[in-house]
Amino acid sequence: MKSLYSIILIVLVAVNFQVAKAEDGYRLWLRYDLVADPGILKSYNKLIKGWIVEGDSPVIQSAKKELDKGLEGLLGHKVQSFTSPGGNGLVIAGTPSGSPVVASLKLNDKLAGLGQEGYLIINTKYRNKKVIVIASNGDAGVLYGVFNFLRLLQTNQPVKSLSITSAPKIKIRLLNHWDNLDRSVERGYAGLSLWNWETLPGKLDERYTDYARANASVGINGTVLTNVNANALILTKDYLLKVAALADLFRSYGTRVYLTARFSAPVEIGNLKTADPLDPDVIKWWKAKADEIYSYIPDFGGFVVKANSEGQPGPQDYKRTHADGANTLADAVGPHGGIVMWRAFVYDNNVPDDRAKQAYNEFVPLDGKFRDNVIIQVKNGPVDFQPREPFHPLFGAMPRTPIMPELQITQEYLGSSTHLVYLAPLYEECLKSDTYAKGKGSFVAKVIDGSLDNHKLTAIAGVANTGDVRNWTGHPVAQSNWYAFGRLAWDPYLTSEMIADEWIRMTFSNNQETLRTISRIMLDSREAAVKYMTPLGLHHIMYSGHHYGPGPWVSRGRQDWTSVYYHKADEKGIGFNRTSSGSNAVGQYFPPVRDLYENIVTCPENLLLWFHHVPWDYKMKSGRSLWDELCYTYHDGVKTVQLMQNQWESIKGFIDNDRFETVKTLLIRQERDAKIWRDGCILYFQTFSKKPIPADLEKPEHDLDYYINHKYTDIPGIS
Ligand code: GCW
C-alpha cells in the first residue's frame, strides 16, 4: 500500500514538473500554454474544431490573431480557420454589420444594450451544427469577447453551455503613465518608460503590440502616455508624430491615446506672454493645438491636467478658477470628441487648512461649472495613495459634475516593485465604500459608473506600474495589479478573490493547491503591508524622498510633506484630530459616515488615527492599550510576511523555478524591510509613549538612529 502511494506521489510530482517550464514573465497572463488537465483538454478539443472571424478592420484582425495564437497554444495544435461555416465545433466571432454569419444568427435583441464594447458568448446552432458564438455590436467588443473566451480556456472553465453577456460599466478605462520624455518614470520601479521617443515614429517595438494586447485583454481602452507633471514639448509637432505612430498601433486594439497638457504650454511652446485661460489668444492657441493634434490622431482621447498642485502651473496663477482652466481646454478638444480629465489632487502648503480637506474645499463650489466634456479626476483617498485611506469625500459631493477615480497601480507607498502587495482589496475597499450621498447604497462605484447622478461621461484611471524590464512590472506578482485594475475598471463590482483566481490560473497554474496558496498570499498581502507600515489609520509617515521605507521622524521642510504633520505623536497620544474639535475633515462626509468617523467609539479602528488623536492608554476593542495594540499590529504585519514566505515555499516545484526563485528572493527582502518599518516606527513612537514594548514581542535589533540613518542599496528606483 505504502509503495502504491509513493508511485502516485512520484507521478503527481512528475506531472507538475512537466508543466513547470522556464518563464521570464514577459507573456504576463496571456501565456496560452497547453491546457494541463488531460480531461479538460480533451473536452475542449472535442468542442473546438475551427474558427471563423469575418471582418477586415484592424481591430478584427487583432481578434483573429489572438484567437489563432491562443487556441494553438492552449489546445496544442493549429486550429483551422474557415471562411464559411459547415461542421460542428466552430468558434464564430464578429459583429452583425461586419460578419454575414453573425448577422444571420439574428442576435440583435440580445446585443441591444451592450454598446460597442459589450459582447456575448453563447453556445448555439448554426445550420444545425453546434457552434460557439462571440458577438458584439462593435469590433472592440469582438476583441474583448475573444479575450474573455480565451480566458475561459486558460482558467479551465467549461465551454459547453455558455451564456455570457458582458459590457463595461465605465466608459473610459485608462492607464496613466507618469513617464517623462527622457524615459525616466516618476514613481516607476520597473525600468525605463515603454515609450522609446528616440526611435519613434520609425521603429515600432514589439512591446507596443504586447502592451496593447495586455490592455485589451482586460478591457483597458485608453492610455495617457505622459506624466501629469507635464512637459510641454510633447505637444510639439515632432513629438505628436511619435504619439501618432503609437496611436495608430494601439487603435488596432481598441485603445485610444491621451496626453497630459502642461498649463503653461501656450507660453513655453506657443510664444505667448500669458497662459491665462480667458485670454483670447490663449483660447485660440489651445484650439489650434487641438486641431493640429486631431489632424495627426483623429481619435485622440483628450487631456489630463495637473494644475496648481505641487508647483505645476495652472489657472490660479492668473486668478482664474479650475473651471476656467478646464473649460478652455475642453472647448478646444470638444468639437473633435475629446475630453479633459482635470485632477483634483490640489493642496497648498500656504493654505492653513488640513491638507486632506483642500481638494473638497476647492472643487465643491465649482460643481456644475464645468463643460460637459470635463471630468474631475479624484484620487481614491483625500491625501495621497496611502496604504489605507478613507474614501475621498469628493465622491458623491459634486452631483452635477462627472467624477472619476484615480487609483495607483505602481506601488509608490506600498513597497515599490519589491514587496508583494496585491492591490485589488485596496481598490475594492474604495469602490465599495458607501458615501451615503443619496442615502444608503450610494457606493463610490455608483458615483463613478454614472448611475448615482445620471452621468453619461464615466471614466477611471490607474497609474501604471509598467516599464521596460523583461517582465514589465519588476515583481512578478505586481502584474496582478495591472490586471486587477483593468478588470475592476470594466466591472467595479467584481471581487478581489475572483480576480486573483483568474489571474493566478492564467499566470501560474490551475492546480487547486497552488491556486489556493497563491491566492491566500495575495489576499492577505495588502493588509500585511498596512500593518507593518501604517497601522490603525496612520499615514504619510514614509521616508521623504523615496517613499519606500519608514520616516515618521521626518519633520523638516515643507510642513505638509513632513510626517509629524500627519501622526502628531506627543506625550499624550498619537493621531490627527479630524473631528469637529479638530480640523473637522469629518464634516466633508455625508451623515451617517460623518458621525461614524466623528465618534471615537464607532470610528473603524483601522482608520482611528486618521481621524482621532488618541491617548496612549486608550482602551482598544481587543482590551489592549493603544500603545500595545500599535506594537502588536506592527508585529502582526511582519508575521504575515513570514507566513507568506512559508506558503510560497510550499509551492516549490509546482510552478516554474524562475518565477518561484524571484518571488522567494523578493519575499526575503520584504521581510527584512517590513522589520525596518516595524522597528523604526515602534522605536520612534516609543520616544513619546515612554512605554515598554510588550514582553512577548521580539525586540528591535538596532537603536533608533540606525533606522533613521538606514540606506537601501538594493531597491529599484531609490539607490
Ligand atoms: O503621490 C504624489 C507623488 C508625486 C506625484 C503626485 C501626483 C506625479 O509623490 O510623484 O506626481 O503625487 O499625483 O501628482
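The structure presented is a predicted model; accordingly, all values stated were derived computationally and were not measured. Atoms within each ligand, like the ligands themselves, are counted from 1 in listed order.
Distances between N or O atoms of W178 and those of ligand 1 include no value under 3.5 Å. Of the N or O atoms in E406, none lie within a sub-3.5 Å distance of an N or O in ligand 1.
Residue contact check: H547 has heavy atoms under 4.0 Å from atoms 9 (O) of ligand 1. For ligand 1, the atoms sitting less than 4.0 Å from at least one non-hydrogen atom of D384 are 1 (O), 2 (C), 12 (O), numbered in the order shown with element in parentheses. Counting the atoms of ligand 1 from 1 in the order shown, those under 4.0 Å from a heavy atom of F345 are 6 (C), 7 (C), 12 (O), 13 (O), 14 (O). Taking every non-hydrogen atom of R187 and a distance limit under 4.0 Å, the qualifying atoms of ligand 1 come out as 3 (C), 4 (C), 9 (O), 10 (O). For ligand 1, the atoms lying closer than 4.0 Å to a non-hydrogen atom of V228 are 8 (C), 14 (O).
With a 4.0 Å cut-off on non-hydrogen atoms, Y413 touches ligand 1 through its side chain and not its backbone. Neither the backbone nor the side chain of Q408 has any atom closer than 4.0 Å to an atom of ligand 1 (non-hydrogen atoms only).
Counting only non-hydrogen atoms, the option in V383, V346, N229, N176 that gets closest to atom 8 (C) of ligand 1 is N229.
In summary, the side chains of E268 and N231 do not present any donor paired with an acceptor at a separation below 3.5 Å, with no hydrogens or angles considered. There is a side-chain donor-acceptor pair under 3.5 Å between T401 and D367. The closest side-chain donor-acceptor pair between Q358 and E362, if any, does not fall under 3.5 angstrom. Side-chain contact of N176 with Q377: a donor-acceptor pair under 3.5 Å is present, judged by distance alone. Side chains of S583 and D354: a donor on one and an acceptor on the other come within 3.5 Å.
The shortest contact between atom 6 (C) of ligand 1 and any protein heavy atom is with E310 OE1, 3.2 Å. Atom 3 (C) of ligand 1 has E412 OE2, 3.2 Å as its closest protein atom, hydrogens excluded (heavy atom only). Among all protein heavy atoms, the one lying closest to atom 10 (O) of ligand 1 is E186 OE2, 2.4 Å. Looking only at heavy atoms of the protein, atom 12 (O) of ligand 1 is closest to K379 NZ, 3.1 Å. Nearest protein neighbour of atom 14 (O) of ligand 1, counting heavy atoms only, is K306 NZ, 2.6 Å.
Ligand 1 has at least one atom lying under 4.0 Å from a heavy atom of R343.
A salt bridge between K169 and D491 is present, with a side-chain N of the basic residue lying under 4.0 Å from a carboxylate O of the acidic one. By the 4.0 Å N-to-carboxylate-O rule, R558 lies close enough to D560 to be salt-bridged with it. A salt bridge between R669 and D714 is present, with a side-chain N of the basic residue lying under 4.0 Å from a carboxylate O of the acidic one.
Counting only heavy atoms from C-beta outward, the side chains of H710 and I676 approach each other to under 4.5 Å.
By the 30° and 60° cut-offs, the orientation of the rings of F263 relative to W342 is perpendicular.
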